[in-house]
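The structure is given below, and queries will be raised subsequently.
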Amino acid sequence: MITGAAASKTAAMDSFAGVVRRYQSLVFGLAFNFLHDRALAEELAQEVFLELHRAMPGLESDAHIANWLRRVTTHRCIDCARRIKSRPQVALEDVPEPASTPKRSDPLLARKIRSLTATLPEKARAVLLLRYQEDLEPSEIATALGMPVNTVKSHLHRALTTLREKLERTGVTS
Amino acid sequence: MKCFILLAAAAAAFGQQIDLSKLEHLASKAKESTNVSLDPEKLKMASGLLGESGDAKNLVLSMQGVHVRTFEFERPGEFSSADLEPIRSQLKGPNWSRIVDVKSKDEAVEIWFYMTNGRMGGMTLIAAEARELSVINIVGALDMQSLGQLTRQLGLGGGVALPGMNDAKPRTDPKPAPKPSPRQQDDDNDDFGD
Amino acid sequence: MNLDEELRLALVRREPPDGFVDRVMARLEHQPRRSWVQPWMAIAAALLLLAGVLAWQWREEREKRIAAEKAKADLLYALELTDSQLQQTRSKLKRHSLGGLI
């Protein structure tokens with residue numbers, strides 16, 4: 001027989017499991033696209049959700065939770081990348097790709113884009129991911145990363161320019 | 001075992017301790033009165049402040065009680081011999097012996113010893129003057145010689161009347177410094193001999 | 001090539017490996033509970049408690065000391081009174097050549 005307290009705890013855990021399920025692709029996606037390391041990305045994603053569990057009492061809505069997750073995940077990714085202090089040395093083509101690549105994209109191009117994204121400076125990388133994975137406006141990115149909007153736009157512009165140049169150098173033309 | 005010893009000690013002290021509360025009715029008539037009652041626990045506390053070495057501490061620890069009542073009256077005749085009967089009646093036991101009974105025109109002093117097998121186990125002193133009454137009861141194996149030794153070691157007495165004796169209040173000032181002996185005075189002079 | 005579009009397609013959200021939720025919940029179950037009590041609060045509480053105990057002990061010692069001082073004062077008074085009475089009585093008895101009695 002489950003006591004009242006135990007039943008309450010079980011319900012709370014079930015509820016949180018539902019939250020994890022709902023946002024796992026957001027968090028893992030950001031982590032993987034940023035770090036381009038599957039194991040690191042999962043470890044980081046787990047840590048983010050453990051921290052989310054502690055922060056849950058202070059979060060009021062789904063939008064609040066999503067914004068919180070974007071902010072915390074991105075910051076952790078930046079910290080992690082700085083700790084590693086290396087752009088990916090291994091041939092990114094060899095990094096196993098998780099599933100969920102949309103069918104209508106060019107898989108090779110997508111792979112190339114992801115590998116080039118991983119070579120960008122951390123802040124620029126974060127801006128790019130929040131813009132294109134999460135579809136955030138520059139003002140929202142500025143809030144998430146704690147930087148001025150114009151700095152966000154500057155990072156974005158430079159990142160796109162860099163990616164375009166590198167893609168052209170590899171023979172991918174617009 | 002400790003309990004038995006305490007009971008035995010208590011039983012032994014039973015006869016030597018005089019109930020001085022029988023004099024309390026005089027307090028309302030007195031200008032000033034003093035009440036000192038030191039049981040074994042308080043004597044132990046007091047002995048702790050007498051220094052670690054020396055016989056004084058041991059002598060105090062050998063006592064089982066010290067009880068004092070003093071009364072000072074405005075006028076003569078505020079108390080009579082009848083007021084002392086409740087005390088004297090307690091001294092009629094077989095172990096109590098009146099050793100001294102001195103009477104003069106305005107004073108009377110009685111000293112009683114409690115003796116067991118030839119050994120002193122307590123003392124009661126009743127000193128009555130025209131306007132003052134003092135009753136002292138000491139419980140324990142403290143004979144006159146030991147009492148004198150104790151007062152000397154504590155720097156008390158020496159045949160000088162108590163300062164403020166007529167105040168009948170417990171003294172709280174520190175004990176008077178012992179007078180230097182002539183030999184000691186010569187030694188002091190040597191400090192300036194160079 | 002529309003880079004914006006290609007970036008959106010490339011940088012999609014990704015599902016983690018199977019069992020991710022279970023692994024998170026398992027870690028949550030075994031995580032040591034974080035107390036709301038911060039370390040500095042625990043230290044401050046311990047110091048306060050220690051200060052309280054020391055203050056109580058000091059007060060107890062002080063009260064014992066005061067009681068002992070009073071007992072000593074009472075004892076000295078009683079002994080002085082006794083000695084004084086005995087001295088006076090001895091003087092009177094000496095006048096009658098009975099001073100050796102006490």
Side-chain angles (χ1 to χ4, degrees), chain A residues 13-14 16-21 23-34 38-39 41-42 45-50 52-54 97-107 109-117 128-135 159-160 163-164 167-168 172-174, chain C residues 1-70:
Chain A
M13 294 300 268
D14 287 345
F16 187 72
V19 170
V20 175
R21 222 169 273 117
Y23 294 105
Q24 63 183 6
S25 59
L26 183 162
V27 174
F28 182 78
L30 276 174
F32 180 80
N33 287 332
F34 195 103
R38 199 178 155 102
E42 170 155 359
Q46 286 187 19
E47 295 284 334
V48 169
F49 281 110
L50 292 177
L52 175 68
H53 186 259
R54 289 190 289 272
E97 287 272 328
S100 329
T101 306
K103 285 182 183 155
R104 63 186 177 91
S105 71
D106 178 352
L109 180 57
R111 197 184 191 104
K112 179 63 73 179
I113 287 171
R114 282 193 290 274
S115 66
L116 288 174
T117 300
L128 202 74
L129 285 172
L130 290 173
R131 178 82 178 111
Y132 291 103
Q133 178 187 311
E134 294 301 307
D135 209 20
L160 288 172
L163 283 177
R164 196 171 283 119
L167 280 167
E168 283 173 2
V172 176
T173 55
S174 51
Chain C
M1 179 187 70
N2 185 333
L3 188 54
D4 275 3
E5 187 60 27
E6 293 302 330
L7 280 165
R8 278 196 180 85
L9 290 172
L11 302 176
V12 292
R13 289 184 179 182
R14 298 185 172 277
E15 289 296 327
D18 289 340
F20 176 78
V21 176
D22 294 334
R23 287 190 290 280
V24 170
M25 300 312 288
R27 279 185 73 174
L28 210 53
E29 288 280 335
H30 294 104
Q31 197 177 36
R33 295 197 68 178
R34 252 197 206 180
S35 171
W36 59 270
V37 176
Q38 300 297 316
W40 69 264
M41 288 166 70
I43 292 168
L47 285 173
L48 269 172
L49 184 64
L50 181 64
V53 167
L54 288 173
W56 177 81
Q57 275 184 334
W58 175 83
R59 203 182 70 165
E60 287 278 307
E61 288 300 318
R62 186 168 164 271
E63 283 174 8
K64 275 185 192 170
R65 178 86 189 184
I66 290 170
E69 292 283 355
K70 184 180 182 305

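Lettering of chains follows the sequences in order, A, B, ..., and the numbering in each one begins at 1. For the numbers below, each heavy atom of this structure counts, side chains included, while hydrogens, waters and symmetry mates do not.
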Please classify the contact of Asp22(C) with chain A as side chain, backbone, both or neither, using a heavy-atom distance under 4.5 Å.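 Contact with chain A is absent: no heavy atom of Asp22(C) under 4.5 Å.
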Check whether any side-chain heavy atom of Phe28(A) sits under 4.5 Å from a side-chain heavy atom of Pro17(C), and report yes or no. yes
Please tabulate, for side-chain N and O atoms in residues 39-58 of chain C, each donor-acceptor pair with protein atoms closer than 3.5 Å (sequence neighbours left out).
none

Within the structure provided, determine whether Tyr132(A) and Asp4(C) are in side-chain contact (heavy-atom separation under 4.5 Å).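 Contact flag for Tyr132(A)/Asp4(C) side chains = yes.
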Met13(A) versus Glu29(C): any side-chain heavy-atom pair under 4.5 Å? yes
Per-residue contact mode, Leu7(C) against chain A (heavy atom under 4.5 angstrom): both
To the nearest 0.5 Å, what is the distance between CD (Gln46(A)) and CZ (Arg23(C))?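 Reported to 0.5 Å precision, the distance equals 6.0 Å.
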Spatial distance of atom CD (Gln133(A)) from atom CZ (Arg13(C)) [nearest 0.5 Å]: 6.5 Å
Closest heavy-atom pair and its distance - Glu15(C), Ser25(A):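 So the minimum-distance heavy-atom pair works out to OE2-CB, 3.4 Å.
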Calculate, to the nearest 0.5 Å, the distance between atoms CG and CZ belonging to Leu26(A) and Arg14(C) respectively.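 Rounded to the nearest 0.5 Å, the CG-CZ separation comes to 13.5 Å.
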Has Asp14(A) got more than 12 heavy atoms of other residues, nucleotides or ligands less than 6.0 Å from its CG?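 Enclosed.
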Before you tell me yes or no, could you show the steps for Phe20(C) and Val20(A) under side-chain contact (heavy atoms from CB on, under 4.5 Å), namely the whole-Å CA-CA distance, both residues' side-chain angles and the distance that decides it to 0.1 Å? CA-CA 9 Å; Phe20(C) 176 78; Val20(A) 175; 4.0 Å; yes
To the nearest 0.5 Å, what is the distance between CZ (Phe32(A)) and CG (Leu11(C))? 11.0 Å
Would you please test Arg131(A) and Arg8(C) for side-chain contact (heavy atoms from CB on, under 4.5 Å) and show each step? CA-CA 9 Å; Arg131(A) 178 82 178 111; Arg8(C) 278 196 180 85; 4.3 Å; yes
Within this structure, what is the CD-CZ distance for the pair Glu6(C) and Arg164(A), rounded to the nearest 0.5 Å?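 Separation between the atoms: 12.0 Å.
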